[in-house]
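Counting convention: from 1, in listed order, for ligands and their atoms alike. Numbering of residues begins at 1 and proceeds along the displayed sequence.
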Amino acid sequence: MCFCWRECWRRAATRRGPFSAACWRCKPPVRPPPELILLDIAMPEMNGYEVCEQLKADETLKEIPVIFISALSETMDKVKAFHVGGVDYVTKPFHFEEVYARVQTHLNMRLLEKLRDDLTQMVIHDLRNPLTAIFGVLEMLELKEGKTLSDDTQKFVRSACQSVKDMIAMISSILDVSKMNAGAMKLQREPCDINALSGSVVDAAKPFPGNRTVRLEANGVLPTITIDGGLIRRVIQNLLGNALKYTPERGGVRMAVTSSASEVRVAVTDTGSGIAPEDQHRIFEKFGQVVDRQKRVGTGLGLTFCKLVVEAHGGHIGVESEIDKGSTFWFTLPRVDSKNPL
Ligand code: ADP
């Protein structure tokens with residue numbers, strides 16, 4: 001019998017309470033996170049610095065401003081508080097009015113930041129329509145008038161087309177990442193053959209630029225898994241796109257799809273420039289890019305998108321890389337097969 005807070009079928013069948021979060025079928029009630037945290041430093045079991053570090057490591061809590069309130073008044077105590085992510089520091093004994101004024105200031109700042117982000121988001125979103133229209137016109141020009149244009153003009157039109165396409169892709173990445181971050185992109189899970197999906201991404205990328213080659217290795221017949229095929233396709237596209245981008249001309253890329261009892265794994269190995277160990281974590285963060293030795297441009301959002309999608313599926317993503325040898329970007333998805341979906 002279920003005593004959860006939701007009307008799940010067990011409770012509907014029994015029509016009994018009291019409510020509790022301990023239901024295997026329903027998730028516990030989601031409480032909105034606090035808007036600001038006042039944090040002491042000297043506390044039993046875990047001190048305030050450690051608490052703050054843990055808050056900042058949690059994707060859902062890291063944006064909440066933390067104000068430290070402590071009797072410690074040494075400069076180094078304060079510096080450490082800012083170092084672990086605090087936004088302000090008040091020393092005890094404190095005056096209520098002072099704390100109140102600081103709380104108000106930080107709440108107002110947060111509100112303004114949110115307004116700024118919403119506005120930026122709106123502008124970025126609204127840029128997509130005119131850019132799509134420009135892209136359409138350029139494509140039509142190339143298609144209908146292409147033969148009547150001089151070679152140089154054709155080249156300019158093609159390059160303009162590509163630039164507009166890149167801008168639309170950038171805008172889409174920015175919007176997708178914020179949607180995923182806000183939890184507004186729901187997974188459309190359906191049974192999916194990951195082998196076929198990987199194969200179709202490789203086929204769609206043909207012909208590979210600069211005589212690069214791609215070898216797809218699939219380890220036997222893989223189970224059909226229940227995933228959002230559209231999103232996972234874009235993850236594979238991103239990893240393959242990067243592998244091709246960073247592999248020198250005539251170089252080879254390998255995509256391996258394997259499975260174990262608990263998960264399915266896709267790994268894309270390139271023979272490119274590689275990534276230094278100190279950069280390997282950063283590239284999965286928003287706008288995280290390595291100083292690009294080959295001067296290639298991008299948004300730094302592709303891998304952030306991949307990480308959000310894979311983690312939303314309950315999977316993991318990572319990279320193994322060696323400078324000047326190449327990189328393997330891999331991700332795993334839990335093996336929830338179509339006979340036993342989530
Ligand atoms: P973008 O490629 O648009 O910059 P990504 O999030 O896809 O954004 O990648 C972030 C950064 O990670 C890239 O700028 C690049 O420095 C590095 N990177 C990604 N894939 C590879 C790769 N296969 N080989 C070397 N560096 C890579």
- Item | By ring pair (Phe, Tyr, Trp, His ring centres under 6.0 Å) - contacts of Y49 (at least two apart) | F68
- Message: If the contact criterion is a heavy-atom separation under 4.0 Å, does F329 count as touching ligand 1?
- Response: yes
- Task: Answer yes or no: is there an ion pair linking K155 with D151, defined by an N-O contact shorter than 4.0 Å?
- Result: no
- Query: Would you say N242 and ligand 1 have an N/O pair spaced under 3.5 Å apart?
  - Reply: yes
- Q104 and N108 side chains, donor-acceptor separation under 3.5 Å: no
- Going by distance only, is there an N or O of G274 that falls short of 3.5 Å from an N or O of ligand 1? no
- Task: Please determine if E263 and R265 form a salt bridge, counting it only when a charged side-chain N lies under 4.0 Å from a carboxylate O.
- Result: no
- Note on the structure: ligand 1 atoms nearer than 4.0 angstrom to some heavy atom of I275 are 25 (C), 26 (N), 27 (C)
- N/O separation below 3.5 Å, T304 to ligand 1: no
- Message: Between D77 and K80, does any NZ, NE, NH1 or NH2 come within less than 4.0 Å of an OD or OE carboxylate oxygen?
- Response: no
- Message: With a heavy-atom distance limit of 4.0 Å, tell me whether L301 approaches ligand 1 through its side chain, its backbone, both, or neither.
- Response: backbone
- Message: How about CE on M167, more than 12 heavy atoms from neighbouring residues, nucleotides or ligands closer than 6.0 Å, or not?
- Response: no
- Query: Is it the side chain (CB and beyond), the backbone, both or neither of D270 that lies under 4.0 Å from ligand 1, heavy atoms counted?
  - Reply: side chain
